[in-house]
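Heads up: the structure comes next, in structure tokens.
In what follows, chains are A, B, ... by sequence order, proteins preceding strands, each numbered from 1.
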2 protein chains.
Amino acid sequence: MEGQEPQAVAAEQVQRRPRVQKNVTRTIASDICADIFPVGSYLPRENDLCERYGVSRTVIRESLKILESKGMVRGRSRVGTVVCGKDEWNILDAQVLEWIGERIFEFDLLNCILEARRAIEPVAAEFAAERATVQEIADLERAWQAMRDGERDVAGFTDADVAFHTCLLKASHNQVFLQLVGIIQAALKFSLHASNEAAERRDEAIDIHRELVEALRMRDKAAARDCSTRMLDLAARDLATAVKQHSPAKPVL
Amino acid sequence: MEGQEPQAVAAEQVQRRPRVQKNVTRTIASDICADIFPVGSYLPRENDLCERYGVSRTVIRESLKILESKGMVRGRSRVGTVVCGKDEWNILDAQVLEWIGERIFEFDLLNCILEARRAIEPVAAEFAAERATVQEIADLERAWQAMRDGERDVAGFTDADVAFHTCLLKASHNQVFLQLVGIIQAALKFSLHASNEAAERRDEAIDIHRELVEALRMRDKAAARDCSTRMLDLAARDLATAVKQHSPAKPVL
DNA sequence: ATTCCATGAAGATCACCAAGCTCACGACCT
DNA sequence: AGGTCGTGAGCTTGGTGATCTTCATGGAAT
């Protein structure tokens with residue numbers, strides 16, 4: 001069925017907006033992540049990049065500026081643009097994480113993220129227990145319901161889980177914690193979908209999430225912290241299976 | 001037709017060198033932080049910004065792209081560029097923190113940073129106790145020596161303190177923790193210089209830092225965590241005095 | 001070995017076209 | 001008659017391409 005809307009333009013449903021800029025930036029970033037432009041090497045001249053991606057030099061330059069602002073490349077005046085080491089990248093930036101995508105497994109990042117979550121989320125849960133508004137607790141409840149209802153849909157479950165943890169960080173009323181939602185999203189996205197077969201774990205996770213909501217309602221800091229910790233124990237198990245599945249051949253440093 | 005005479009517009013002192021781009025970006029960012037372009041408002045058209053800052057539209061556009069990539073503004077196609085809410089800014093980005101500068105006191109950020117540091121740094125210290133290389137411990141020792149020797153110079157002391165904590169996060173061998181060096185730098189920069197009068201506190205801080213180095217040498221996780229916690233207690237006191245000094249009139253949200 | 005210069009690539013500007021969001025104006029329907 | 005809705009003009013950003021300027025760099029000349 002070809003949707004023929006009378007007034008609108010016809011046969012143009014793919015790219016309503018010519019998002020050339022975003023596309024080019026993402027493409028270059030992906031190419032860098034894919035080691036097409038290896039760390040430490042200079043990438044082609046701007047004019048060559050124009051041809052390679054079929055866009056004007058302005059677009060290329062703006063893309064490079066964006067990548068540079070995220071620490072992925074460093075423009076050296078009249079010399080070229082060099083790819084920075086991965087330890088210089090702003091890996092807390094949501095866009096960077098998006099560009100890395102599945103290659104996050106090659107970054108040894110998920111373990112670091114889990115460690116960071118263990119340090120942060122229990123504390124955030126404590127803060128949430130004493131600071132969350134009733135509205136925020138209601139939002140958490142809704143996110144939990146979405147997790148429970150979307151139990152069979154992996155993507156929906158992950159989204160709901162991300163929403164839950166985002167709400168939790170919001171409820172901690174700490175701007176720094178809130179900024180870390182990006183890495184948590186990445187961690188959940190790439191840890192969860194591997195453990196979709198273990199349904200009983202999901203049930204367990206759902207129970208713990210509900211317990212956390214209850215703890216926040218009771219303003220019970222200790223219980224909230226405990227729930228968060230147990231949540232992360234589950235996440236650790238999921239991560240272990242995900243890593244095992246995703247890297248059949250372990251590349252050595 | 002406007003001849004690019006050397007004097008040009010005197011609105012700003014940015015008008016020379018190939019550093020035009022960085023200067024313009026920083027200037028716009030500062031103007032946003034200074035509420036010259038309030039949150040939620042549209043900033044002037046790109047052509048007007050060209051005149052205001054005395055540069056071409058290309059430079060303006062690249063600057064806006066950078067600011068957009070850091071969540072400070074959002075470009076709406078063919079409509080304008082709107083300033084995002086401060087909670088959307090990538091406040092973990094070192095550049096953003098630099099642009100905010102002293103106005104960090106108006107962001108209610110320092111308290112959040114301290115809370116985050118309390119969650120993270122003790123854990124990072126534990127990791128460092130079991131993961132730090134001898135080289136990294138030596139770097140920490142040198143940073144500590146710089147703190148001790150630069151005792152009288154406030155700027156030097158702060159720099160050394162920042163270097164110390166940076167080394168500590170590096171020694172934790174956790175990429176996520178390492179990314180947080182930016183906020184710690186900001187916190188130290190704007191908390192310490194206010195308490196320079198309290199010399200005895202600095203002595204105390206220097207002692208604790210040395211103790212931490214010793215704990216790492218002994219691979220004593222508990223001691224390392226304890227040192228880090230006490231360090232943050234001192235930081236909390238410094239922050240309290242800094243805030244008191246720096247905000248005579250408390251601005252409400 | 002030092003100095004100088006040709007080279008080439010990024011930095012920056014300008015002029016222009018494309019496309020779509022706004023808004024006001026006018027026609028049409030109730 | 002009045003309100004709603006289509007429509008088009010105009011404005012603003014998105015994108016292109018040509019052009020000029022500025023210097024890092026490396027090789028040639030001294």
Side-chain angles (χ1 to χ4, degrees), chain A residues 5-28 37 40-69 72-84, chain B residues 1-9 11-28 32 37 40-69 72-84:
Chain A
E5 293 308 313
Q7 355 260 13
V9 281
E12 193 73 35
Q13 76 276 25
V14 182
Q15 287 263 1
R16 280 245 315 245
R17 312 171 193 170
R19 273 301 197 193
V20 177
Q21 175 73 68
K22 283 249 181 201
N23 280 330
V24 169
T25 309
R26 190 181 58 239
T27 305
I28 297 178
F37 304 133
S41 70
Y42 284 83
L43 29 73
R45 295 198 313 273
E46 292 180 352
N47 283 322
D48 291 344
L49 289 173
C50 295
E51 289 196 7
R52 176 193 277 253
Y53 298 107
V55 293
S56 74
R57 189 159 161 243
T58 305
V59 174
I60 292 293
R61 283 179 58 81
E62 288 180 353
S63 292
L64 293 182
K65 279 284 189 297
I66 292 174
L67 296 181
E68 185 173 10
S69 81
M72 294 180 68
V73 302
R74 183 184 312 274
R76 292 186 47 185
S77 206
R78 284 135 207 127
V79 175
T81 304
V82 66
V83 180
C84 291
Chain B
M1 302 311 203
E2 66 265 8
Q4 267 297 19
E5 294 306 317
Q7 43 228 33
V9 181
E12 310 287 341
Q13 71 277 19
V14 288
Q15 273 283 347
R16 35 189 302 252
R17 300 299 176 90
R19 297 183 179 176
V20 175
Q21 173 73 67
K22 284 236 176 193
N23 279 330
V24 169
T25 308
R26 190 182 58 240
T27 306
I28 297 178
I32 290 176
F37 303 132
S41 70
Y42 284 85
L43 21 69
R45 309 175 232 317
E46 292 179 352
N47 282 322
D48 291 345
L49 289 173
C50 294
E51 289 198 7
R52 177 193 276 253
Y53 298 106
V55 293
S56 74
R57 189 163 158 240
T58 305
V59 175
I60 293 293
R61 285 178 55 183
E62 290 180 0
S63 293
L64 293 182
K65 277 286 187 299
I66 292 174
L67 296 181
E68 186 173 12
S69 81
M72 293 179 68
V73 302
R74 182 186 312 274
R76 293 185 45 178
S77 206
R78 283 124 203 145
V79 176
T81 304
V82 64
V83 180
C84 292

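Legend: residues meeting side-chain contact (heavy atoms from CB on, under 4.5 Å) with A:Arg61, ordered by chain and number and at least two apart, are A:Glu46, A:Arg57, A:Lys65, B:Glu62. With sequence neighbours left out, B:Ser77 forms a side-chain contact (heavy atoms from CB on, under 4.5 Å) with no residue at all. Every side-chain hydrogen bond (donor to acceptor under 3.5 Å, both in side chains) that A:Arg74 has, sequence neighbours left out, goes to A:Glu88. Residues that satisfy the side-chain contact (heavy atoms from CB on, under 4.5 Å) test with B:Thr81, not counting sequence neighbours, are B:Leu43, B:Leu64, B:Val73.
Atom-to-atom distance recorded for B:Thr25:OG1 and B:Ile60:CD1 is 8.5 Å, nearest 0.5 angstrom. Rounded to the nearest 0.5 Å, atoms CD (A:Gln21) and OG1 (A:Thr58) are 9.5 Å apart.
Atom CZ of B:Arg61 and atom C1' of D:dT12 are 11 Å apart (whole Å). Rounded to a whole Å, the CD atom of A:Glu68 is 12 Å from the P atom of C:dA10.
Contacts between residues 45-54 of chain A and DNA chain D, defined by a heavy-atom separation below 4.0 Å, involve no residue at all.
Mapping B:Arg57 and B:Glu62 onto DNA chain C via the closest heavy atom, the residue that lands nearer the 5' end is B:Glu62. Summary of the strand contacts: B:Leu43 and A:Ser56 both lie near DNA chain D, and taking for each the nucleotide with the nearest heavy atom, the more 5' one is attributed to B:Leu43.
Considering only the side chain of B:Val59, C:dA12 comes nearest among D:dG17, C:dA12, D:dG14. Considering only side-chain atoms of B:Val55, the nucleotide from D:dT16, C:dT13, D:dG15 that sits closest is C:dT13.
Within 4.0 Å of B:Gly80, counting heavy atoms only, lie sugar-phosphate atoms of the nucleic acid but no base atom.
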Protein and nucleotides 25-27 of chain D: nitrogen or oxygen contacts under 3.5 angstrom:
from	atom 1	to	atom 2	distance (Å)
D:dT25	OP1	A:Arg76	NH2	2.9

